[in-house]
2 protein chains.
Amino acid sequence: MRKPTLMDVAAKAGVSYATADRVLNQRGGVAAKSVQRVSDAIELLGYKRDVSAANLARGRTYDFVFFIPSQAGAFFDELRAAVRREAHARLSERITVTLKKIPAFDAERLADALENCVDSKITGVCLVAINSPRVRTAVNALRAKGVIVLTLVADMQVGSRDAYIGLDNRAAGQTAGRLMSLAHRNGGVVLPIAGNLDAVDHADRYAGFLDVLPKTVTVLPIVQSADRPDDVENAVRNAMITYPKLGGIYSIGAGHSGLLAALSGRTKMRPIVILHDLVAHVRTALTDGLVDAVIDQKPDHQIALALDAMKSLSDGDQLPVGFGTIVPSLYLQDNLPPASTGGPTESPTL
Amino acid sequence: MRKPTLMDVAAKAGVSYATADRVLNQRGGVAAKSVQRVSDAIELLGYKRDVSAANLARGRTYDFVFFIPSQAGAFFDELRAAVRREAHARLSERITVTLKKIPAFDAERLADALENCVDSKITGVCLVAINSPRVRTAVNALRAKGVIVLTLVADMQVGSRDAYIGLDNRAAGQTAGRLMSLAHRNGGVVLPIAGNLDAVDHADRYAGFLDVLPKTVTVLPIVQSADRPDDVENAVRNAMITYPKLGGIYSIGAGHSGLLAALSGRTKMRPIVILHDLVAHVRTALTDGLVDAVIDQKPDHQIALALDAMKSLSDGDQLPVGFGTIVPSLYLQDNLPPASTGGPTESPTL
DNA sequence: ACCAAAATGATAGGCGTCAATCATTTTGTT
DNA sequence: AACAAAATGATTGACGCCTATCATTTTGGT
């Protein structure tokens with residue numbers, strides 16, 4: 001038997017379609033016992049509203065806007081590519097996605113962009129947050145208009161946005177530390193390198209890293225490189241000279257090219273190297289055996305989650321607890337996910 | 001401006017709705033130049049057919065059936081749970097999923113079940129394949145009727161099914177080997193344990209494991225346990241006595257309880273332990289520090305992929321190359337995914 | 001230029017739901 | 001019992017597309 005429709009429900013409940021509809025959509029003005037009968041009928045028949053038909057009737061469309069910084073470094077490029085892919089894939093589901101590029105670290109421009117879309121008919125926005133009064137104000141204005149606001153990768157104050165989707169940086173650092181421990185069961189010396197410990201994400205990763213390292217492992221003073229490749233390169237070269245038995249390097253932030261430069265040519269007897277984010281040149285380095293492990297925050301997954309969340313929230317659903325916390329992926333040379341295809345593939349059928 | 005409809009396309013192309021429809025759905029009987037004009041208009045407007053509306057009009061529903069063995073061991077339980085979750089989540093997308101339990105390793109029962117659904121109106125089936133003539137015949141009969149057939153976890157002859165979704169066992173073994181290598185940079189002794197090397201999945205994992213281990217690591221003769229916990233326990237105990245410096249254990253198959261029993265109480269100075277499939281008690285063991293790493297084949301992901309694939313294929317789309325190959329996930333204690341909720345959660349709104 | 005064949009136009013009913021209107025019946029109150 | 005308020009029934013036109021039918025126009029061949 002085919003899926004039951006609301007007509008079937010109404011018949012089963014012994015009420016008219018109109019009443020069943022009033023119950024289903026909570027329009028009010030229905031006697032308690034009728035509500036009960038309709039609910040029972042829904043339960044009994046296993047009725048599930050056909051959301052496609054509903055959205056069609058409602059003329060519902062989902063218009064989402066992503067604000068992603070044009071920051072140097074490949075990670076945000078990956079994120080943007082992921083947005084484009086997902087957007088393309090969901091075009092036929094009444095979902096429209098616009099991607100806006102914001103100059104890196106530019107709170108004013110971000111605020112401008114947010115303010116610009118206050119009066120357009122937007123369902124939800126998703127931004128890499130920057131902490132600034134104007135940004136907060138703009139976000140509040142949007143939410144006051146019923147627009148769903150999500151933060152991605154970088155959060156802002158809890159309560160000022162509808163949800164946050166981002167890496168569990170502590171867990172990421174712990175994962176790195178755990179792997180480093182496995183490789184140093186008899187102790188050893190390791191070097192952590194961060195961009196800037198004032199950034200919460202780097203600080204969290206570092207804390208997680210220290211969490212799990214046993215006392216038998218000596219942790220050198222952390223290098224803060226401001227993610228500048230040259231500084232990273234110098235720090236690594238110096239460390240390898242000063243501590244010939246350097247057993248591991250954990251690169252917490254970016255500036256990978258300097259690290260790779262310092263390591264190049266040393267595929268044998270080099271420290272264990274763990275770093276973050278499987279961007280193209282990191283993938284190459286891993287494949288080539290220049291580094292050992294990559295901790296990834298799955299940008300594709302984050303974008304997919306963001307879209308799902310915005311859709312659910314704008315439909316009035318609640319998100320499950322713990323939603324949005326991205327558990328880090330651990331990649332060695334052999335379990336790399338397939339490289340994402342360049343652009344959205346041309347689909348043969350429309 | 002809102003999303004263009006087929007009406008807009010027709011207007012833009014300067015033809016009637018009927019002609020635009022004939023082009024879109026390839027009904028034939030359209031002059032080449034009209035086809036061109038419509039195609040151009042589609043391109044120009046960025047028209048994308050609203051598949052929900054289309055499916056609604058067509059009365060299209062997707063009826064899928066999963067045949068999953070009731071095999072001992074928690075893995076297939078997880079797989080079944082994943083089917084139920086996904087099925088529930090997609091109920092409102094005109095997708096119906098039926099889950100059938102097949103006695104483990106029972107090719108005849110599987111064939112029975114497959115034959116039983118030949119004449120029902122099923123869109124696609126997904127089975128954990130067993131190699132048997134009757135199964136092959138039943139599958140062929142289904143495919144002859146236009147039913148999509150997918151294999152899951154265990155494959156059958158290429159060409160006899162539409163797609164296979166399953167773990168890249170070689171990569172899984174390599175990942176285990178790579179991790180083992182990292183933990184044995186100065187050499188060591190490791191013990192592999194498999195259920196049965198005649199099973200291709202176990203053999204592939206073993207081969208992958210050996211692939212990447214350096215010569216400095218000594219691999220003890222592999223134990224074949226037939227996945228019997230007692231045998232595993234004895235083998236591990238013996239190995240730990242015979243080789244006091246045993247540095248690692250790679251458990252390729254099941255029979256984990258025996259392994260855990262042999263290890264219990266030895267959280268300090270025990271071999272590195274790597275095993276497969278993050279089922280409940282393995283998760284506990286990992287959290288408790290009884291084992292070090294788990295290689296997982298992501299049953300949830302496999303089910304989601306299977307549903308996507310069956311839907312695409314039954315819509316006449318092609319699958320991208322490499323589709324269905326599951327890259328293993330590597331879990332340490334700190335990057336465990338959240339435990340899946342017991343059943344489908346009650347949704348507040350219908 | 002004639003005629004059949006091919007191409008195109010016009011239109012209708014339906015898919016399951018939403019949102020709205022209006023008519024009718026059932027309550028509860030005094 | 002009378003009456004307003006509340007509840008219910010009945011119906012309708014979208015939404016974007018599919019499928020079908022029938023009428024009309026254009027084309028190609030001779």
Side-chain angles (χ1 to χ4, degrees), chain A residues 1-39 41-42 45-63 91-96 314-316 349-350, chain B residues 1-39 41-42 45-62 91-96 315-316 349-350:
Chain A
M1 191 182 61
R2 84 185 185 302
K3 275 188 64 182
T5 74
L6 193 48
M7 263 301 199
D8 301 326
V9 171
K12 189 70 163 188
V15 301
S16 70
Y17 179 90
T19 298
D21 172 71
R22 281 189 265 254
V23 173
L24 184 66
N25 293 307
Q26 307 171 54
R27 299 186 207 277
V30 183
K33 70 158 196 260
S34 293
V35 174
Q36 191 55 53
R37 292 168 69 184
V38 172
S39 306
I42 287 176
L45 295 177
Y47 169 79
K48 200 89 195 282
R49 157 202 264 140
D50 184 329
V51 289
S52 326
N55 284 343
L56 177 59
R58 278 193 248 246
R60 183 85 162 96
T61 57
Y62 303 90
D63 295 294
L91 244 186
S92 53
E93 296 170 40
R94 313 180 67 81
I95 293 178
T96 309
S314 59
D315 285 344
T349 44
L350 291 164
Chain B
M1 193 182 60
R2 81 185 188 302
K3 276 189 63 183
T5 73
L6 193 48
M7 263 301 198
D8 300 326
V9 171
K12 189 69 160 191
V15 301
S16 70
Y17 178 90
T19 298
D21 171 74
R22 282 190 264 255
V23 173
L24 184 65
N25 293 306
Q26 307 171 54
R27 299 185 205 278
V30 183
K33 71 157 192 266
S34 294
V35 174
Q36 191 57 50
R37 292 167 70 184
V38 172
S39 306
I42 287 176
L45 296 177
Y47 169 79
K48 198 91 194 281
R49 158 203 261 141
D50 184 329
V51 290
S52 328
N55 284 342
L56 177 59
R58 278 192 247 244
R60 182 86 161 97
T61 58
Y62 302 91
L91 245 186
S92 53
E93 296 171 39
R94 313 180 69 80
I95 293 178
T96 309
D315 285 344
T349 45
L350 291 162

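Throughout, a chain's letter reflects where its sequence line sits, starting with A, and its residues are numbered from 1. Just so it is clear, the values below take in all heavy atoms, side chains as well, and ignore hydrogens, waters and symmetry mates.
Checked by distance alone, B:R58 brings no side-chain donor or acceptor within 3.5 Å of a matching partner on the base of C:dG14.
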Subject >> Contact letters for nucleotides 23-30 of chain D, in which S counts primed atoms plus P, OP1 and OP2 and B counts the base, heavy atoms under 4.0 Å >> reply: --------
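One atom, CZ of A:R27, and another, P of C:dA20, lie 7 Å apart when rounded to the nearest Å. One can place CD of B:Q36 at 17 Å from C1' of C:dA7, the figure rounded to the nearest angstrom. One can place CZ of B:R37 at 11 Å from C1' of C:dT8, the figure rounded to the nearest angstrom. Protein atom NZ of A:K3 is 10 Å distant from nucleotide atom P of C:dG16, rounded to whole Å. The distance between atom NZ of A:K48 and atom P of C:dT17, rounded to the nearest whole Å, is 12 Å. Distance, A:D21 CG to D:dA14 C1': 14 Å, rounded to whole Å. As rounded to whole Å, 14 Å separates atom P of D:dC17 from atom CG of A:N55. Atom CG of B:D50 is separated from atom P of D:dC18 by 9 Å (rounded to the nearest Å).
A:R60 comes within 4.0 angstrom of nothing in the nucleic acid, heavy atoms only.
Counting heavy atoms from C-beta on, the side chains of A:Q36 and A:V30 never come closer than 4.5 Å. Inter-residue side-chain proximity for A:V9 and A:V38 is flagged as met; some heavy-atom pair is nearer than 4.5 Å.
Within residues 10-20 of chain A, the residues approaching DNA chain D are A:G14, A:V15, A:S16, A:A18, A:T19, by heavy-atom distance under 4.0 Å.
Partners of B:D8 by salt bridge (Lys or Arg N to Asp or Glu O under 4.0 Å), not counting sequence neighbours, listed by chain and number: B:R2. By the side-chain hydrogen bond (donor to acceptor under 3.5 Å, both in side chains) test, B:S34 pairs with no residue at all, sequence neighbours left out. Looking at residues two or more places apart in sequence or on another chain, you find a side chain to side chain contact (heavy atoms under 4.5 Å, CB included) between A:A18 and A:S16, A:R22. Contacts of B:I95 classified as side chain to side chain contact (heavy atoms under 4.5 Å, CB included), with partners at least two apart in sequence or in another chain: B:Y62, B:F64, B:R90, B:E93, B:V97, B:K311. For A:T61, the side-chain hydrogen bond (donor to acceptor under 3.5 Å, both in side chains) test picks out A:D63, with sequence neighbours left out.
With hydrogens and angles ignored, the 3.5 Å screen pairs a side-chain donor or acceptor of B:K3 with a backbone N or O of A:L91. Side-chain atoms of A:T19 never come within 3.5 Å of backbone atoms of A:V15 as a donor-acceptor pair (strictly under, hydrogens ignored).
Proximity note for B:N25 (side chain, C-beta onward) versus D:dT8, D:dC18, C:dC15: the nearest is D:dC18. You'll find that the side chain of A:T5 is closest to C:dG16, out of C:dC18, C:dG16, D:dG16. Listed candidates were C:dG16, C:dT8, D:dA7. Nearest to the side chain of B:R94 is C:dG16. Closest to the side chain of A:R22, out of D:dC17, C:dG16, D:dT8, is D:dT8. Taking only side-chain atoms of A:S34, from C-beta outward, the nucleotide of D:dT8, C:dT17, C:dG16 with the closest atom is D:dT8.
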Run the side-chain donor-acceptor check on residues 53-60 of chain A: report pairs under 3.5 Å with partners two or more places apart or on a different chain.
{"unit_1": "A:R60", "atom_1": "NH2", "unit_2": "A:S314", "atom_2": "O", "d": "3.1"}
{"unit_1": "A:R60", "atom_1": "NH2", "unit_2": "A:S314", "atom_2": "OG", "d": "3.4"}

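Note on residues 26-39 of chain B: pairs passing salt bridge (charged side-chain N to carboxylate O under 4.0 Å, His left out), not counting sequence neighbours, are B:D21-B:R27.
Here the shortest heavy-atom pairing between A:L6 and A:Y47 reads N-CE1, 3.5 Å.
Nearer the 5' end of DNA chain C, as judged by each residue's closest nucleotide, is the contact made by B:V35, out of B:V35 and B:M7.
Helix bend of the helix from C:dA1-D:dT30 to C:dT30-D:dA1: the angle between its two end axes, each built from five pairs, comes to 10° after rounding to 10°.
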